[in-house]
There are 2 protein chains.
Amino acid sequence: MENKKKILIADDEPDILEILKFNLEADGFVVETAKDGNSAIEKAKSFLPDLIILDIMMPGKNGIEVCNILRQTPLFKNTLIIFLTAISDDASEVKGLESGADDYLTKPIRPKVLISKVNALFRRIPIDNSKKIQIGDLRIDRERFIIVYKSEEIILARKEFELLALLASKPGKVFLRNEILNSIWGTEVIVGDRTIDVHIRKIRQKLNLDCITTVKGVGYKFEL
Amino acid sequence: MENKKKILIADDEPDILEILKFNLEADGFVVETAKDGNSAIEKAKSFLPDLIILDIMMPGKNGIEVCNILRQTPLFKNTLIIFLTAISDDASEVKGLESGADDYLTKPIRPKVLISKVNALFRRIPIDNSKKIQIGDLRIDRERFIIVYKSEEIILARKEFELLALLASKPGKVFLRNEILNSIWGTEVIVGDRTIDVHIRKIRQKLNLDCITTVKGVGYKFEL
DNA sequence: TTATTTTATTATCAAATTGTTAAGCAAGGT
DNA sequence: ACCTTGCTTAACAATTTGATAATAAAATAA
């Protein structure tokens, strides 16, 4: 099950980023980092993490502002958010939690404790990524039937969606025309060969991305 | 709001119990207390709290033992548990979280922070039978068959209500027409396809809100 | 190079799907 | 019995989708 949870860390201190990244990766998480508030939001949109660890004091937007912005975005309504900070006065802790965060940790960082907390949260909030495919900046969500490329939603018709999802399910693999026909149209229905081409063309057009390669005489493959 | 959340506090220091009880009750929770591990388990069984706050050092069974026992009981598999303690070394904190707790607070107690944490946890876990759904400004109360949008009550017929509640139970997820038919009409009854559309239309009309999206050839999804 | 095969592109049309409205029925209340 | 309400359906409009044919372009083989 290639279903590792994704964590985004935003902090302006490189040391902290490194320590956290190292420890979380050692525990089997996929980690990305950002070094200020604005890039955290950008990264979040492209990376779509399951959990975001936000330092409160950062250049640009501070952690609480970032949290508020994220919580207003439907995509991040349910994303877990943990604040991380040196400030440990009650008022700001309360403020942080009330802005929609799920937990609040104070520095100095104790990696083991952080990991326990992260696991405790994931234990509670089961996140199902099984119907999601992500390749680079392209995300395919079978459950929601949406395709997002660099935080921009692309609308595909059903057959187009299924075709892209099929190809993207195994990036690099060449799908024979027969395989494609069987997977998407089944063995009952019979359609002409040009039909596939036309759908491929529409996907290429809508994605406006050079990601589907033709292997002449064989089939097509997806590769970013 | 009939549905006050119930909290059980277990600690051997009467002062702590009193402070916590006072603050939590002031915030609208129903609180019971226990003064050692064994009575905590007893109280839990009769009181059936939504959240248990456990001191680690207690006579009889300590907090971690209590937590382990509770977690082995199906009844308390999903009950929220917060540890409370004067010990703040990493190892015991990790141990506490790994024994199945959801959070770990160190003394001295800061009531405001505690309450924020409690609320953050309840925000995540829809304890009461998931009878209530809240998405943005839209509230759906399955128990009372009431829909409220921005403090304005909207009256839906039963089928409309069930349909909306179904879609809203997993915002973003596309429900296939078949899924919808099975969930709301069951496998026995067979109704025409237009029936769903008509109900969808009525919901859209009554809510006057662009929240139900058609995914042609697939189904419908709710998204605010 | 030329011929042949395979794929790309485009426009078009038929089929499938959904939206909308009105009307019929059944159940419950007055 | 009458009225109201909710559910379903029929009928039609509007829209979207998918498949194909026709033609161009590209790759491959002879």
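Nothing here was measured: the structure is a model prediction, and the numbers come from that model. When reading the values below, keep in mind they use all heavy atoms of this one structure, side chains included, and skip hydrogens, waters and symmetry mates.
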Salt-bridge present ([X], [Y]; N to O < 4.0 Å):
X	Y	value
A:Glu13	A:Lys35	no
A:Glu32	A:Lys6	no
A:Lys173	A:Glu179	yes
A:Lys221	A:Glu223	yes
A:Asp102	A:Arg71	yes
B:Lys117	B:Asp103	yes

N/O donor to acceptor pairs below 3.5 angstrom from side-chain atoms of residues 207-216 of chain A, sequence neighbours left out:
unit_1, atom_1, unit_2, atom_2, d
A:Thr214, OG1, A:Arg204, NH2, 2.8

Fill in: Sequence-aligned protein contact record of nucleotides 15-25 of chain C, with B where the base is within under 4.0 Å of a protein heavy atom and S where only the sugar-phosphate is
--BBBBB----
Worksheet entry | Separation of atom CD1 in A:Ile212 from atom P in C:dT7, rounded to whole Å | 15 Å
Worksheet item: Taking any atom under 4.0 angstrom from a heavy atom of chain A, which nucleotides of DNA chain D are the first and last to qualify, 5' to 3'?
Response: D:dT17 to D:dA27
Worksheet item: For the residue pair A:Tyr220 and A:Phe175, is the inter-centroid distance of their aromatic rings smaller than 6.0 Å?
Response: no
